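First comes the structure, then the notes that go with it.
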Amino acid sequence: MVITRFPPSPTGHLHLGGARTALFNWLFSKHNKGKFILRFEDTDKERSKPEYVESVKASLKWLGLNWDEGPYFQSERIKIYHQYAQKLFEEGKAYYCECPKEVLEQKKKEMLAKGLKPKYDKICREKKLEPKPGRALRIKAPELGEIVFEDLLRGKIVFSAEEIDDFIIIRSDGMPTYNFAVVIDDITMSITHIIRGDDHISNTPKQILIYKALEINPPKFVHIPMVLGPDGTRLSKRHGAKSILEYKEAGFLPNALINYLARLGWGYGDQEYFTIEELIEKFDLKNINLSPARFDQDKLLAFNAYWMRNSSSKYLLNHVKPFLKNYDLNKFSEDYILSAIETVKIRTKTLIEMAEMMNFYLTEDIIYDIDGAKKFLLPEIAPILGKIAQDLKELPLEEKILENYLRTLAETSGMKFKNIAQAIRVALTGKTVSPGLFEIIKVLGKEKTVERIKKAIEYIKGL
RNA sequence: GCCCCCAUCGUCUAGUGGACUAGGAUACUGGCCUCUCACGCCAGAGACACGGGUUCGAAUCCCGUUGGGGGCGCCA
């Protein structure tokens with residue numbers, strides 16, 4: 001069985017890059033009817049915060065990336081790491097080191113200054129030090145030869161043993177380091193495929209060394225390219241973004257974000273739009289691109305707009321509700337709101353825009369746009385509006401019939417159809433931009449329509 | 001500095017030696033549709049980083065150069 005995992009460190013909110021890594025792991029496991037595990041890597045006591053755990057979980061849930069197992073916390077698994085560390089120590093594959101941090105740092109600086117690769121000088125390697133508080137445990141790395149691993153996307157990747165030093169696996173405070181904890185977790189959780197950002201490629205040989213020392217076969221490695229900011233540098237706060245939850249608040253649909261993220265670095269012929277089900281069905285590691293992808297806000301917006309206009313009104317209602325907090329939705333029937341959504345969904349790119357455009361459906365308090373009123377609510381139109389308000393009572397609410405009626409009226413009255421239409425639009429919505437006039441009337445119903453037209457007549461008279 | 005990864009329109013991508021006059025999406029421009037705004041439709045502009053090979057033939061394979069990204073922690 002395929003088992004993948006997503007191992008964030010709870011030192012920040014879930015961002016786009018992390019979400020995409022989670023998505024690829026999730027899709028791969030779903031595609032193979034396997035398992036997806038959530039694990040928090042919280043061995044950094046200083047920076048890990050419970051609130052980030054909650055935030056990451058909330059983000060994944062919102063995106064629909066549910067985990068089958070976990071969440072596990074590395075901080076609760078310290079004993080396990082120590083067992084494996086003990087084994088390596090006893091077998092002479094790891095040794096304790098008493099070098100003070102400051103000395104190590106100083107040496108590192110000096111090597112860097114000389115243009116050398118900073119490496120531990122192994123002075124404790126043969127000291128045969130016993131475990132003692134304050135001593136770190138280092139792995140004995142090979143001094144010669146090559147460390148090779150197979151990446152499912154990139155093939156063989158080779159590092160010279162000289163590149164890898166005797167790195168620390170248990171810190172002097174007893175906490176495992178990242179490279180050690182990951183390996184032990186992946187072993188004990190039976191992870192079959194490690195799908196992660198390619199910034200981890202250079203960690204992989206270190207991890208391979210641990211697998212070797214433990215005499216355990218490593219899982220498959222899949223290093224996916226990272227997500228870059230629009231300027232081609234690593235995605236960061238500088239780019240104005242953003243935790244996943246911020247996209248939620250900005251009015252994005254989770255499936256649009258998923259679709260966009262999936263297409264960032266992955267392709268399936270010329271197809272752009274995928275439902276979650278299609279992604280699960282069609283996702284394939286082979287189609288992952290090798291070069292880093294830039295995040296493009298415009299394209300995300302386009303995906304969102306696409307899913308806004310192509311999702312059911314029911315689905316949209318669920319997601320737009322939080323943006324409609326200022327209205328008392330209980331005053332309206334669900335059918336009314338759904339029909340309203342139906343008319344606005346092709347015209348809005350985000351849920352925020354949708355909520356804004358729905359304003360006139362949900363309030364009686366129509367405030368006229370100043371320029372619009374000035375331009376269209378003119379004295380000469382008042383009598384015609386009056387006639388419409390009168391006639392409307394007799395007309396069926398059919399778009400074609402209404403339109404024919406209004407066109408005829410325009411002809412007989414000598415007014416331009418366009419001007420009458422705009423006047424009614426301003427009367428009904430307060431704006432010069434809105435869904436189609438007859439759609440609106442149909443949704444609003446006769447009563448509200450007539451009432452609003454009459455108010456507009458009053459307004460004109462009051463000028 | 002050293003090591004690793006990568007390289008097709010601005011951006012996301014299709015392309016796995018001949019079907020390439022390099023396709024799609026997005027953004028942009030023009031037009032059509034039209035009660036406004038959208039949607040939709042049509043058209044336009046826009047890329048194989050460069051230099052060498054291999055081959056009858058290269059966007060595609062190899063080498064180099066350049067460029068971009070990542071790593072070099074008792075962070076993850």
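Lettering of chains follows the sequences in order, A, B, ..., and the numbering in each one begins at 1. On a predicted model such as this, the values are computed, not experimentally measured, just so you know. All values below were derived from every heavy atom in this structure, side-chain atoms included, with hydrogens, water molecules and symmetry-related copies excluded.
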Are [X] and [Y] side-chain neighbours, meaning at least one heavy-atom pair lies under 4.5 Å?
X	Y	result
A:Pro218	A:Gln207	no
A:Pro176	A:Ile169	no
A:Thr350	A:Asn304	yes
A:Leu16	A:Leu264	no
A:Val182	A:Asn203	no
A:Phe28	A:Val222	no

Look through every strand shown and name the nucleotide pairing with [N] as Watson-Crick or G-U wobble, where both distances are under 3.5 Å.
N	result
B:C41	B:G31
B:C72	B:G1
B:C20	none
B:A58	none
B:G67	B:C6

- RNA chain B: A:Trp266 or A:Asp173, which has the more 5' nearest nucleotide? A:Trp266

- Assert: residue with more 5' nearest nucleotide on RNA chain B, out of A:Lys108 and A:Leu437, is A:Leu437

Please measure how far the [atom1] atom in [N] lies from the corresponding atom in [M], and state the result in whole Å.
N	M	atom1	value
B:C28	B:G10	C1'	10 Å
B:C72	B:C12	P	25 Å
B:C5	B:C42	C1'	43 Å
B:G17	B:C62	C1'	14 Å
B:G23	B:A43	P	13 Å
B:C33	B:C39	C1'	11 Å
B:C41	B:A27	P	13 Å
B:G68	B:C9	P	16 Å

[N] base to [X] side chain: any donor-acceptor pair below 3.5 Å?
X	N	result
A:Arg347	B:C39	no
A:Asn179	B:A76	no
A:Ser172	B:C74	yes

- Aromatic A:Phe24 / basic A:Arg20 pairing, under 6.0 angstrom, 45° off normal: yes

- Flag this pair as yes if the NZ/CZ of A:Arg425 is under 6.0 angstrom from the six-membered ring centre of A:Phe376 and inside a 45 degree cone about the axis; otherwise no. no

I'd like a list of close polar pairs between nucleotides 58-62 of chain B and the protein, N/O only, cut-off under 3.5 Å.
none

- Query: In terms of the angle between their ring planes, are A:Phe73 and A:Phe40 parallel, tilted or perpendicular, with boundaries placed at 30° and 60°?
  - Reply: parallel

Which part of the nucleic acid does [X] contact within heavy-atom distance under 4.0 Å: base, sugar-phosphate only, or nothing?
X	result
A:Met357	nothing
A:Pro7	nothing
A:Lys101	base
A:Arg425	base
A:Thr43	sugar-phosphate
A:Phe438	base
A:Gly436	base

What nucleotide among [options] has an atom nearest to a side-chain atom of [X]?
X	options	result
A:Leu104	B:G69, B:G71, B:C74	B:C74
A:Thr177	B:G73, B:C74, B:C4	B:C74
A:Phe159	B:C74, B:C3, B:U36	B:C3
A:Met226	B:C72, B:A76, B:G70	B:G70

Would you check if the distance from the ring center of [X] to the ring center of [Y] is below 6.0 Å?
X	Y	answer
A:Tyr178	A:His200	yes
A:Tyr268	A:Phe283	no
A:Tyr96	A:Phe89	yes

- Task: Among A:Trp307, A:Trp266, A:Phe303, A:Tyr260, find the one that has a ring pair (Phe, Tyr, Trp, His ring centres under 6.0 Å) with A:Phe274.
- Result: A:Trp266

- From CD of A:Glu439 across to C1' of B:C37 the rounded distance in Å is 11 Å

- Distance in angstrom units between A:Glu162 CD and B:C4 P, rounded: 11 Å

Can you tell me if the side-chain N/O atoms of [X] get under 4.0 Å from OP1 or OP2 in [N]?
X	N	answer
A:Arg309	B:G40	yes
A:Arg20	B:C12	no
A:Thr348	B:A38	no

Listed pairs, N/O of protein and of nucleotides 5-9 of chain B, under 3.5 Å:
from	atom 1	to	atom 2	distance (Å)
B:C5	O3'	A:Arg154	NH1	3.4
B:C5	O2'	A:Arg154	NH1	2.3

- Between A:Tyr315 and A:Asn255, a side-chain donor and acceptor under 3.5 Å: yes

- Each nucleotide of nucleotides 15-34 of chain B classed B (base within 4.0 Å of a protein heavy atom), S (only sugar-phosphate) or -, in 5' to 3' order, makes --------BBBS--------

- Task: Ignoring hydrogens and angles, tell me if any N or O in the side chain of A:Asn25 forms a donor-acceptor pair with the backbone of A:Ile37 under 3.5 Å.
- Result: no

